[in-house]
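Report on one structure; see the data block that follows.
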Number of protein chains: 2
Amino acid sequence: MASAPRKRPAAEPRAGQKLSPRGELKRTQILDAAAEVLAVRGFAGTMLSEIAERAGTQAGSLYYHFASREDLIEEVLRRGVTLTMAHVRAALTELAPETSARDRLAAAIREHVRFQLDVSAYARASARSTGQVPAEMRARINREFRRYGVFLDELIMEAMADGAIDPGVDRSALRMLLIGAANWTTEWFRPDGTSNVDEIADLLVRLMLSGVAKPKPGRRLPKKSKVD
Amino acid sequence: MASAPRKRPAAEPRAGQKLSPRGELKRTQILDAAAEVLAVRGFAGTMLSEIAERAGTQAGSLYYHFASREDLIEEVLRRGVTLTMAHVRAALTELAPETSARDRLAAAIREHVRFQLDVSAYARASARSTGQVPAEMRARINREFRRYGVFLDELIMEAMADGAIDPGVDRSALRMLLIGAANWTTEWFRPDGTSNVDEIADLLVRLMLSGVAKPKPGRRLPKKSKVD
DNA sequence: AATTTATCCTAATCAGGATTAGGCTTCAAT
DNA sequence: ATTGAAGCCTAATCCTGATTAGGATAAATT
């Protein structure tokens with residue numbers, strides 16, 4: 001009986017450096033493939049067979065790297081949030097240190113949208129699929145979300161303290177509306193030339209900060225994005 | 001062989017008045033139940049068994065009223081859009097005829113959010129589930145969406161013509177960001193006392209029209225909602 | 001009352017996709 | 001050149017949930 005105890009518990013690569021000793025490569029390919037499928041099909045429509053195909057392997061083989069479909073998906077979604085936060089954070093550190101709270105918030109919004117639309121299938125995946133996920137997984141992922149929420153909340157608070165945002169508004173609602181508008185872009189954005197990422201990002205920034213009321217002649221509007 | 005040709009093609013009640021001759025009632029109960037399940041579970045998680053349970057019937061029995069799971073769901077989602085548009089439209093007709101374009105748009109936004117959050121599970125269902133639906137169904141539902149989009153677009157155009165909105169902004173992107181923020185509320189809104197519908201609605205209106213910049217002393221902000 | 005028709009139920013059947021079993025290949029180290 | 005773990009494949013198996021078959025039951029009609 002009992003053949004070899006094959007199949008590791010599908011643990012993530014330790015925090016350490018033991019990155020791709022061989023098959024970690026495929027593991028990554030699988031994650032990437034899953035992110036793309038999730039971004040397009042949503043949690044429901046995502047089939048292991050399609051992920052496997054894109055990763056150049058077989059549905060059954062996925063189980064060597066992940067304990068279950070849910071595990072795989074969870075990791076993708078979690079990464080989506082983590083990566084987004086990391087990206088935005090990194091972008092902010094590159095700003096001149098004297099950058100105003102208002103401009104920092106603006107940059108954050110822009111980078112969030114950009115990252116999602118232009119760069120990362122993981123980000124798109126979690127924007128689109130997180131809502132459809134079973135309760136327990138949802139709860140676990142929410143931890144990451146909350147972390148990102150706190151991060152944004154701080155930016156908003158600083159902008160308030162700085163006089164850029166009316167301190168009277170409900171920070172939480174504001175943040176959620178913002179995130180909503182941003183995440184929803186994945187539903188309608190056309191990667192072909194029809195839509196323009198920067199335009200969308202800038203518009204969202206403008207909505208948050210000055211609104212789209214017809215500009216009073218004297219008042220400067222936030223201009224074209226230029227972060228790096 | 002061939003027993004009776006039972007089972008109607010699950011047609012909708014004709015345009016006429018033949019409304020609930022008996023079982024149209026249950027049909028409605030089923031739709032209502034489906035709307036609630038969809039609003040919470042999303043397209044993927046929605047099981048006929050749960051719908052049936054809520055409607056006080058059996059999964060198999062649903063097929064007397066609908067040709068398939070997809071048909072049922074499609075009708076719910078379609079209704080979500082239709083009803084929302086109808087509600088918003090109705091609210092606008094009740095405004096004083098001299099109401100400004102700006103205020104009309106504001107009212108529309110408020111009523112959209114309100115209807116979705118406070119009133120209609122159908123609206124919530126289509127806000128949450130439309131994104132996850134198979135391509136063909138999607139295409140059919142999109143027709144309704146486009147109709148609503150045009151409707152909103154007109155409001156925005158009028159507000160532009162009226163000088164309330166900067167004519168320079170991309171109407172389409174603006175509308176999508178708006179709809180996104182609104183629809184996404186279904187992901188985070190807490191029906192318990194934690195969240196406040198009116199506050200959210202007003203905040204979104206404000207975002208669209210004046211932004212959340214700290215108010216210049218002289219400038220009036222849109223005030224508490226009061227449509228009817 | 002008898003017959004028809006509309007509604008609905010129960011217990012299968014079916015289908016499709018996740019999961020698992022067990023074995024085959026590398027390849028690095030001995 | 002062997003050997004053993006790592007990495008992967010194929011072909012079942014399993015499960016779940018949609019769908020269907022074949023009646024009940026109830027209301028309406030004659």
Side-chain angles (χ1 to χ4, degrees), chain A residues 1-11 13 18-31 33-34 37-38 41-74 76 132-134 137, chain B residues 1-14 18-31 33-34 37-38 41-74 76 132-134 137:
Chain A
M1 55 231 77
S3 39
R6 267 173 298 91
K7 179 167 293 184
R8 60 177 172 190
K18 198 205 166 241
L19 265 178
S20 31
R22 214 70 36 195
E24 298 300 325
L25 171 66
K26 176 124 298 181
R27 184 186 156 89
T28 302
Q29 289 174 354
I30 294 174
L31 281 167
V37 177
L38 278 167
R41 305 246 188 255
F43 178 80
T46 294
M47 282 181 302
L48 293 187
S49 52
E50 186 172 357
I51 295 176
E53 189 180 17
R54 290 208 194 199
T57 183
Q58 225 65 24
S61 306
L62 302 183
Y63 286 81
Y64 178 75
H65 299 278
F66 301 90
S68 69
R69 178 191 127 117
E70 291 214 343
D71 266 35
L72 166 54
I73 290 181
E74 179 171 338
V76 171
Q132 332 170 15
V133 134
M137 194 197 301
Chain B
M1 50 228 89
S3 41
R6 267 174 296 92
K7 179 167 296 186
R8 59 177 173 188
E12 312 212 6
R14 324 296 129 57
K18 197 203 168 241
L19 266 179
S20 32
R22 213 68 36 198
E24 298 300 326
L25 170 67
K26 176 124 297 182
R27 183 186 156 92
T28 302
Q29 290 173 355
I30 293 173
L31 282 166
V37 177
L38 279 167
R41 305 246 188 254
F43 178 79
T46 293
M47 282 180 302
L48 293 187
S49 52
E50 186 172 357
I51 295 176
E53 189 180 17
R54 290 209 194 198
T57 185
Q58 225 65 25
S61 306
L62 302 183
Y63 286 80
Y64 177 75
H65 299 278
F66 301 90
S68 69
R69 176 192 128 114
E70 291 214 345
D71 266 36
L72 166 54
I73 290 181
E74 180 171 338
V76 170
Q132 331 171 14
V133 134
M137 194 196 301

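Being a predicted model, the structure only gives us computed values, none of them experimental. Order of the sequence lines fixes the chain letters, A, B, ..., with proteins taken first and strands second; residue numbering starts at 1 for each chain.
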Taken to the nearest whole Å, CG/A:L25 to P/C:dT26 is 17 Å
Gap between atoms CD1 and P, on B:I30 and D:dA18 respectively (whole Å): 14 Å
Does any non-hydrogen side-chain atom of B:R27 lie less than 4.5 Å from one of B:Y64? no
Please determine whether a side-chain nitrogen or oxygen atom of B:H65 lies at a distance below 4.0 Å from atom OP1 or OP2 of C:dA6. no
Should B:T57 be listed as having a side-chain N or O under 4.0 Å from OP1 or OP2 of C:dC9? yes
What's the shortest heavy-atom distance between B:A34 and B:V76, and which atoms? CB-CG2, 3.8 Å
To the nearest 0.5 Å, tell me how far B:L31 CG sits from B:E24 CD. 10.0 Å
Give the rounded distance in Å between these two atoms: CZ of B:F66 and P of C:dT7. 13 Å
To the nearest angstrom, the CG-C1' distance between A:L62 and C:dG17 comes to 12 Å
Does A:R41 qualify as a cation-pi partner of B:F43, given the criterion of NZ or CZ under 6.0 Å from the six-membered ring centre and within 45 degrees of its axis? no
At a heavy-atom distance below 4.0 Å, what parts of residues 44-52 of chain A sit against DNA chain C? A:T46, A:M47, A:L48
Minimum side-chain heavy-atom gap A:L48-A:I51 below 4.5 Å: yes
Any idea which heavy atoms bring B:R54 and B:A33 closest together, and the distance? CB-CB, 3.7 Å
Which heavy atom in B:Q132 sits nearest to a heavy atom in A:Q132, and how many Å separate them? OE1-OE1, 3.0 Å
Let's see if you can work this out: which of D:dT10, C:dA18, D:dA18 has an atom nearest to the side-chain heavy atoms of B:R69? D:dA18
Heavy atoms from C-beta onward define the side chain here; which of C:dT10, D:dC9, D:dG7 lies closest to that of B:Q58? C:dT10
Roughly how many Å is it from CD1 in B:I73 to C1' in D:dG17, rounded to a whole number? 12 Å
If I take atom CZ in residue A:R41 and atom P in nucleotide C:dG16, what distance separates them, rounded to the nearest angstrom? 16 Å
Just the rounded figure in Å: distance from C1' of C:dA18 to CG of A:D71. 13 Å
Whole-Å distance separating the NZ atom of B:K26 from the P atom of D:dA27: 13 Å
Give the nucleotide from the list C:dT19, D:dG7, C:dC8 with an atom nearest to the side chain of A:Y64. D:dG7
With the side chain of B:Y63 defined as its heavy atoms from C-beta on, choose the nearest nucleotide among C:dT7, D:dT20, C:dT20. D:dT20
